[in-house]
Structure formats: structure tokens, C-alpha cells
Amino acid sequence: MFPPAYQPHGVKMLYNGEPVDLTPAQEEVATMYAVMKDTDYATQAKFNSNFWQDWKKILGSNHVIKKLELCDFTPIYDWYQSEKEKKKQLSSAEKKQLRDEKAKAEEKYTWALVDGVKEKVGNFRVEPPGLFRGRGQHPKMGKLKRRIFPENIVINIGKGAPVPECPMPGHNWKEIRHDNTVTWLAFWNDPINEKEFKYVFLHPSSSLKAQSDMKKYEKARQLKDYIDKIRKTYTKDFGSTDPTKRQIAVATYLIDRLALRAGNEKDDDEADTVGCCSLKVEHVKLLDSKKIEFDFLGKDSIRYLNEVAVEEKVFKAIGDFQKGKKSGDDLFDRLDTNKLNAHLKEFMPELTAKVFRTYNASITLDNQLEHTDGSIVPEKIGDYQRANKEVAVLCNHQRTVSKSHGAQMEKLEGKMAELKALREEIVIDLERARKGKPPRKDEDGKTKRNQSPEQLEKKLEQTDNKIQKMELDMKVKDDLKTVALGTSKINYLDPRITVAWCKRNDVPIEKIFTKSLLQKFTWALEAEPTFRF
DNA sequence: CGATAATAATCGGGTTAAAGGAA
DNA sequence: CTTCCTTTAACCCGATTATTATC
């Protein structure tokens with residue numbers, strides 16, 4: 001339940017060139033600062049104000065080190081780098097031994113007895129202290145994330161069950177609760193935003209999580225029976241004279257067609273991102289010929305950039321929503337997620353905006369998988385990945401392009417050029433062989449092997465196949481460079497679709513689901529080959 | 001040429017931030 | 001509305017696998 005207690009490293013930072021004594025708390029904070037110095041925190045102005053403010057709070061009024069900003073952290077930074085280097089130098093056997101020892105010591109924290117069943121705990125470690133980064137331009141970037149102590153932690157455990165021993169001598173848990181209406185095992189206040197909480201939950205493989213996961217997909221499947229009515233209704237209301245109704249119609253349309261998130265209101269101390277209901281006027285641009293461009297930052301400050309051809313009435317409605325408003329104003333000024341979800345519940349019990357994402361993701365996969373034309377397993381896996389990609393693009397699941405992507409593509413281009421040059425050689429050789437001319441000399445001046453036209457034709461075909469395959473591979477690689485397939489697989493795609501497809505196509509399920517996904521989806525593994533979402 | 005070592009690229013799963021939504 | 005809880009998300013980093021270099 002705890003990160004290893006702080007170990008002083010005995011390295012001092014310098015002030016005016018002189019070593020300064022530090023208390024353990026100061027040393028911990030100084031280390032954080034030093035190790036983060038060369039990250040992108042350093043380039044962000046917010047970092048400094050947040051960090052020094054926090055540190056002064058920790059030191060209190062009687063701290064001895066003045067003008068901390070002027071201290072030299074280089075010795076601590078160097079110490080940290082050398083520690084990292086030392087760790088790297090360990091042999092793999094030594095690394096494994098360290099890993100195993102750690103796992104053994106933590107074993108007892110990794111399980112919970114739930115209704116008599118031993119279940120894996122998901123995140124049993126308390127988040128260690130550090131510097132908060134946040135995603136995108138976060139107002140709290142660089143803030144000190146203080147160490148969590150037992151006094152900060154509330155434990156939730158069955159009445160009469162033995163309370164876990166507090167692993168820090170001299171400390172005690174904040175509170176012991178017995179609440180069987182919630183799923184968390186422990187929580188503490190988020191040190192970055194004390195109004196928020198961090199929880200310890202069960203592992204995704206636990207039956208509790210599996211049950212709610214299955215429920216989620218069953219609810220999304222239920223939407224099939226209501227979607228026609230919902231679509232008919234919002235299409236009708238695109239032109240409604242009731243402005244609220246009209247906004248609800250267009251918002252529902254966007255959530256359904258573009259898989260936008262609901263878009264709850266956000267506080268000023270959070271990153272400035274939006275979803276459907278919180279879209280601002282400037283995020284949507286009317287283009288020519290009934291096309292609309294969306295350009296905004298969504299969850300995790302991931303950019304959503306999409307040019308969509310929409311129905312004329314939607315085009316007109318969005319233009320009307322923008323009329324008389326300025327940049328920064330809400331596009332849907334009569335709407336919030338509460339109202340929208342309340343409206344959705346009129347169609348189907350428990351229907352909320354996020355169900356559309358699950359529904360559309362899963363049904364897209366199911367439909368796309370109909371185009372499975374590969375004949376061997378690797379080709380079929382390619383077909384699956386293409387289907388998976390459609391979903392990832394729909395949901396805008398992105399990843400950062402790997403640093404080496406450009407170099408990798410160049411390398412492939414080089415290989416491709418070689419292959420094409422080889423092909424040209426073969427073509428010439430083939431011409432000569434057909435005319436009965438003797439083989440030419442290669443670049444070393446040696447005479448090439450004499451080959452029959454048939455042999456050369458075969459070689460040409462093989463080379464053409466190689467070129468074709470490589471072209472396809474390169475295209476796939478480039479297409480997928482910003483697309484994350486994993487997120488939808490874990491969160492949006494009903495695993496029964498995949499299981500059924502594997503069974504129908506004789507693809508081993510292990511080729512699609514990793515070990516941990518198989519554990520998470522055990523409830524779905526018995527799906528019939530005929531299962532359709 | 002094949003075997004082995006070195007390096008590159010990908011994979012897998014843990015971590016924790018940031019959403020949605022019920023009460 | 002806020003508080004509390006649960007799901008969803010990208011990223012990090014070590015392990016594994018693929019590729020290339022070297023013997």
C-alpha cells in the first residue's frame with residue numbers, strides 16, 4: 001500500500017557554491033525538482049510559480065534556505081542520473097531477482113476476499129510523490145504532488161474482517177469503513193485537487209468488474225431497439241421552432257454520428273477541453289457545400305479535427321446557433337449534459353450519451369468484420385486490424401507518433417528502391433533470356449548465372465509480390481502512426497464480437513486478446529460463433 | 001553460409017489523469 | 001449544484017521479438 005519510504009541519498013544542493021543541509025522532506029522535494037528540470041516542465045512558465053509556492057508551504061515560515069530559486073540542483077540531478085544508469089547496468093538475472101523480491105513482498109497486498117472469492121486488486125500501490133504534469137496546458141502543471149501517508153487513507157472493508165496492518169510504523173489509517181454499496185477498497189484525497197479522490201479498485205479480471213462490463217455492453221446492445229426512433233426524432237427536430245429542442249436534436253446527432261463525448265462543464269483549474277455540450281462557437285466552422293469543420297481539444301487535450309458533410313438542416317441549425325455569438329460563447333447555450341441525458345432517458349431507461357460511443361464502436365466493428373477476406377491467419381488478423389482501425393478513427397483514439405517513425409519510413413523507402421531496382425534487372429535479364437542472349441555481367445564483372453525464361457518469370461513474380469506486400473505494409477504503418485487501437489479494444493468493443501469472429505474464422509483468440517484482456521473478458525469467451533452485436 | 005551478438009522496434013501492462021454520470 | 005464513484009485515456013518503461021551486424 002505504500003511507495004518505499006523516502007531514502008536520503010546524501011547529496012546536497014549548492015547555494016552560492018556551498019553545500020546546503022536539507023531535511024528529508026526538503027531533500028525529497030529538491031530531488032523532484034532536479035529530476036524534472038530537463039523535462040517540458042522547465043519550458044512552461046506555470047511550473048515555477050506552482051513549484052516554489054508549494055515548496056515554501058512545506059518548509060513553513062522558519063526555513064533556513066533563502067532564495068531557493070538560486071540553489072544549484074546539479075549534484076542531485078547527477079546523482080539521480082547515475083542511479084538510473086546503475087540500474088540499467090544490472091544483468092537481466094539481477095533485475096529479475098529484484099523484481100521477484102518486490103513481488104513477493106507485495107503479494108499479500110494484491111488480493112482481496114470478496115464474498116468469499118479471492119480476487120485480484122487493481123492498483124494496490126499508493127501513488128508516489130512527484131510533480132504533477134497533467135495533459136496539455138494544465139493550469140496546475142508543475143504542482144508538487146505530496147507524499148500520501150496512512151493518515152490520509154480511508155479503508156473500506158467488510159464488518160469483522162481483519163483490517164490490513166498499517167505498513168508504516170507509528171502511523172495509522174484515517175478511517176475504517178464498512179460500505180458494501182461501493183466497489184472501492186480504499187481512497188485518499190487527490191493532493192493536486194483536495195476536493196477529488198483517488199481510489200483503490202479491484203482488478204478488471206474480478207467478477208465485480210466483469211459483471212458491470214457485461215452490463216455496459218448489454219445496455220449498448222439494447223440501444224439497437226431504440227436507435228431508429230431516436231434518429232427519426234432528432235432528424236425531425238433539426239428544424240424545430242423550439243430552440244432547446246433544436247439544440248438537443250443537433251447535439252444528439254453529433255454524439256450519434258461523430259461519437260463525440262457528452263461534454264460536461266469544467267472548472268477553471270482544469271485543462272480547457274470540450275465535448276459535445278460544451279463546444280464553443282469557434283470550434284465549429286461552416287464550410288462550403290454543407291460541410292462542417294470541427295477543431296477542438298477533447299479529453300486529454302487530444303485534438304479533434306474533422307471535416308464532415310452533414311445534412312442541410314444540421315448545417316443551417318449550427319449556423320443559427322452561432323448567430324449573434326462571439327468566440328468563446330457556448331454553441332449549445334440551452335443545453336448541458338444533464339438536460340441531454342434526461343432527454344435520452346425518455347427513449348430508453350438508463351440511456352446516456354456515452355452509451356452511443358459503445359454502441360457505435362461495437363456495431364462498427366461487427367459490420368466491418370464482415371469484410372474478412374484473408375485466407376490465412378495473418379491476413380485475417382490484418383482484416384481485424386482494419387476493422388479495429390475504423391473504430392479507433394471514429395472514436396478519435398490517438399497516440400503520439402514515435403520519435404523514430406520518420407527514420408523508419410525512410411529506411412523502408414530505401415529498401416523499396418532496392419527492390420524496384422532488382423525488379424528492373426530481372427526484367428532486362430528476362431528479355432535477354434527470351435531472345436537467347438547470354439547473361440550479362442554483374443557489377444563485380446562476373447558473369448551472372450544463366451537462367452531460363454521460366455525461372456526468371458518466377459523470380460519476377462516473386463519480386464512483384466514482395467513489392468506489393470511492402471507497399472501495403474508501408475501504407476498501413478503510416479496510416480496507423482497516430483491511431484491507437486488498444487483503447488477501443490479495452491473499453492468499447494463488445495468482446496463477444498471478437499470471440500465469435502475468431503471462432504467463425506479459425507483465428508486463435510490469443511492472436512487478438514493479450515493475456516490480461518483474456519482475463520478481463522473471461523465472461524465473453526463462451527460466445528457462440530453466430531453471436532452478432 | 002549459418003550461428004550468435006548487438007541493436008531496433010514492438011508489445012504489454014502498469015500508472016494515473018481525465019472523462020461521464022448518479023445521487 | 002457539489003460530491004462521490006466508476007469508466008475511459010494516453011503515456012511510460014521494461015520485456016519480448018524482429019532485424020541487422022559480426023564472427
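Please read all numbers here as calculations on a predicted model, not as lab measurements. The sequence lines fix the lettering, A, B, ..., with proteins before strands; numbering per chain opens at 1.
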Look at the side chain of A:K481 and the backbone N and O of A:R399, then say whether any donor-acceptor pair between them is shorter than 3.5 Å. no
Please determine whether a side-chain nitrogen or oxygen atom of A:R399 lies at a distance below 4.0 Å from atom OP1 or OP2 of C:dC12. no
Any donor-acceptor pair, under 3.5 Å, between the side chain of A:K299 and the base of C:dT8, if you only look at N and O atoms? yes
Check every atom of B:dT15, C:dC4, C:dC11 against the side chain of A:R125 and return the nucleotide holding the closest atom. B:dT15
Think A:T352 has a side-chain N or O under 4.0 angstrom from the OP1 or OP2 of B:dG21? yes
At less than 4.0 Å, is any side-chain N or O atom of A:Q408 found next to OP1 or OP2 of B:dT10? Yes or no. yes
For DNA chain B, determine which residues of residues 270-283 of chain A have any heavy atom closer than 4.0 angstrom to one of its atoms, and list them numerically. A:T273
For the side chain of A:N152 and the backbone of A:I148, is there at least one donor-acceptor N/O pair under 3.5 Å apart? no
Nearest whole Å is fine: how far is C:dC1 P from A:K266 NZ? 17 Å
Nearest whole Å is fine: how far is C:dT7 P from A:Q211 CD? 11 Å
Among B:dG21, B:dA9, B:dA18, which nucleotide sits nearest the side chain of A:K411? B:dA9
Assign each of A:R261 and A:R177 to its nearest nucleotide of DNA chain C by heavy atoms, then name whichever residue's nucleotide is nearer the 5' end. A:R177
Are A:F347 and A:Y226 close enough that their ring centers fall under 6.0 Å? no
Output the rounded distance in Å from NZ (A:K415) to C1' (C:dT19). 7 Å
Trace of the ring pair (Phe, Tyr, Trp, His ring centres under 6.0 Å) decision for A:Y384 with A:W501: CA-CA 9 Å; A:Y384 185 92; A:W501 175 84; 5.3 Å; yes
Whole angstrom value for the distance that separates P of C:dC13 from NZ of A:K84: 7 Å
From CA spacing to verdict: side chain to side chain contact (heavy atoms under 4.5 Å, CB included), A:K389, A:D479: CA-CA 9 Å; A:K389 187 202 159 195; A:D479 283 351; 3.8 Å; yes
Ignoring the backbone of A:T487, work out which of C:dA9, B:dA17, C:dT6 is nearest its side chain. C:dA9
Whole-Å distance between B:dC11 P and A:E510 CD? 17 Å
Rounded to the nearest Å, what distance is computed from the CD1 atom of residue A:I490 to the C1' atom of nucleotide C:dT7? 12 Å
Closer to the 5' end of DNA chain C via nearest nucleotide, is it A:D213 or A:K87? A:D213
Taking B:dA18, C:dC4, B:dT15 as options, the one with an atom nearest any side-chain atom of A:R135 is B:dA18
Among B:dA17, B:dG13, C:dA10, the nucleotide that comes nearest once only the side chain of A:F132 is considered: B:dA17
Atom CG of A:N264 and atom P of B:dA22: how far apart are they, to the nearest Å? 10 Å
Heavy-atom side-chain contact between A:T31 and A:V35 under 4.5 Å: yes
Considering only side-chain heavy atoms of A:K354, which listed nucleotide, C:dC4, B:dG21, C:dA9, is closest? B:dG21
Run the ring-centre check on A:H283 versus A:Y304 and record whether the distance is less than 6.0 Å. no
Residue-phosphate contact under 4.0 Å: A:S402 side-chain N/O, B:dA9 OP1/OP2: no
Using the side-chain heavy atoms of A:K477, tell me which of these nucleotides is nearest: B:dG14, C:dA9, B:dA9. B:dA9
Can you tell which of C:dT7, B:dA17, B:dA18 lies closest to the side chain of A:E127? B:dA17
Looking only at side-chain N and O atoms, does A:K345 come under 4.0 Å of OP1 or OP2 in B:dA22? yes
How many angstroms lie between atom CG of A:D336 and atom CG of A:N264, to the nearest 0.5 angstrom? 8.5 Å
Within less than 4.0 Å of OP1 or OP2 of B:dA17, is there a side-chain N or O belonging to A:H138? no
Would you say A:T183's side chain and A:L208's backbone share a donor-acceptor pair under 3.5 angstrom? no
Give the rounded distance in Å between these two atoms: OH of A:Y492 and P of B:dA19. 12 Å
